[in-house]
Amino acid sequence: MILLASNENPLGMPESARRAAAAALQGAGHYPDSNGTALKHALSARLDVPADWLVLGSGSSEILELAAQVCVKPGEHVVYSQYGFVVYGQAAAHAHARSTVVPARDFGHDLDAMRAAIGEDTRLVFVANPNNPTGSFIEAGPLLAFLESVPSQATVLLDEAYGEYLAPAQRYDSIAWVRRFPNLIVARTFSKAYGLAGLRIGYGVAQHALAARLTAQRPRFNVSTPAQAAAVAALADEAFLARSYQLNAAGRMRLEAGLHELRLGSLPSAGNFVMVHVGEGRTVHARLLAAGVDVALLDGYGLPQWLRITVGLPEQNEAVLVALRDQAPAR
Ligand SMILES: Cc1ncc(COP(=O)(O)O)c(C=O)c1O
């Protein structure tokens, strides 16, 4: 089966990280370093923030959950966008929050409407850049203007799970924004471009006071020893990251062109996936599965006519295009 359903890195785990994780297994009879000292040290040097501004999570999903647990009391208000990543709603529900799901504009975040939805009891606002599943991207200018406009009692969680896939012209320095805004958490992950999805490791960056609250809420041994070691190695493996970026940029272009040739509409994507309009999502999904390709259904997002295809290796991208072409007459 060709797995293009979960926005994983088609290169898999970097060899450097595999070796580091295997070596770390030697010590796995002991509990992990609950402080994540080595990884925080590496991240702190890379991002130029104090180590106590960093929170490690079992994937960045845990950072999203922690943000809701720490910032929101039952009945308080959370804001996120329609078609926003599924965990935002779940995290808000786990915190017994009241949520406003702000209608999307052109399948992306409508920041003006999100700002208008923020009220006195709003405690958390989720913003994904780029967003999954739509691939939408917000330029630095409007995003910064939004952060400036958010009142201080509301924390913004800026989810950058796919940030490493942004084109150079799209990139911005969100860590500088963390230095400026005490109510900002930037969440990042090793699951995507770094290829460590199965090890479950991500992190949050926030100013000390907020980071300390997140850290206090976190289960003490939430990140395993092999995951920490693999993340340190992956962070240093710039060649792997560059290769992942290039493979994705070329593969995404090929997928977009191939979908266009098949006359299937797709959305411009800043991530490692493309959302494609296929009509009967469930039917097409089943046919692709029968042809040996697994892509993501988007019914859960209220997008039953769309599928999301993760950018794969070149031969995997061709395989999904062939499978889509061959089922095309029945569409
Ligand atoms: C937008 C977004 N944020 C966060 C995550 C969380 O990933 P993880 O928990 O593996 O770090 C994902 C995973 O698909 C995602 O798409």
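Counting starts at 1 for both ligands and their atoms, following the listed order.
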Inset, instruction - Please examine the side chains of Ser81 and Asn131, heavy atoms only from C-beta on, and report whether any two atoms are closer than 4.5 Å. - result: no

Legend entry - Protein contact of atom 3 (N) of ligand 1 - nearest heavy atom, named by residue and atom, plus distance: Asp159 OD2, 2.6 Å

Legend entry - Trp306 vs Tyr83, ring pair (Phe, Tyr, Trp, His ring centres under 6.0 Å): CA-CA, chis, key distance, verdict: CA-CA 12 Å; Trp306 298 75; Tyr83 312 136; 8.8 Å; no

Inset, instruction - Pull out every atom of ligand 1 sitting under 4.0 Å from any heavy atom of Asn132, numbered as shown with elements. - result: 1 (C), 14 (O), 15 (C), 16 (O)

Legend entry - Note, Leu289 side chain near Met1 side chain (heavy atom, < 4.5 Å): yes

Legend entry - Under 3.5 Å side-chain donor-acceptor pair for Glu62 and Asn222: yes

Inset, instruction - Can you pull out the closest protein heavy atom to atom 9 (O) of ligand 1? Residue, atom name and distance to 0.1 Å, please. - result: Ser61 OG, 2.4 Å

Inset, instruction - Would you mind listing which atoms of ligand 1 come within a distance below 4.0 Å of any non-hydrogen atom of Arg200? - result: 8 (P), 9 (O), 10 (O)

Inset, instruction - Would you mind checking which non-hydrogen protein atom is closest to atom 5 (C) of ligand 1, with the distance to 0.1 Å? - result: Phe85 CE2, 3.3 Å

Inset, instruction - Salt-bridge test for Glu261 and Arg325: reply yes if a basic N is under 4.0 Å from a carboxylate O, no otherwise. - result: no

Inset, instruction - For atom 10 (O) of ligand 1, grab the closest protein heavy atom and report residue, atom and distance to one decimal in Å. - result: Ser191 OG, 2.6 Å

Legend entry - Between Glu160 and Ser174: side-chain donor-acceptor atoms closer than 3.5 Å: yes

Legend entry - Cation-pi, Tyr245 ring and Arg171 (6.0 angstrom, 45 degrees): yes

Inset, instruction - Quick one: look at Lys192 and ligand 1, take heavy-atom pairs under 4.0 Å, and tell me if it's side chain, backbone, both or neither. - result: side chain

Legend entry - Residue part near ligand 1, for Ala161, under 4.0 Å between non-hydrogen atoms: side chain

Legend entry - Check: Thr225/His30 side-chain N/O donor and acceptor closer than 3.5 Å: no

Legend entry - Backbone or side-chain N or O of Tyr162 under 3.5 Å from ligand 1 N or O: yes

Inset, instruction - Check Phe190 against ligand 1 and report side chain, backbone, both or neither, counting heavy atoms closer than 4.0 Å. - result: neither

Inset, instruction - Looking only at protein heavy atoms, identify the closest one to atom 7 (O) of ligand 1 and say how far it is in Å. - result: Ser60 OG, 3.7 Å

Inset, instruction - Run the contact test for Gly59 against ligand 1 with a 4.0 Å cut-off on heavy atoms, strictly below, and give the result. - result: yes

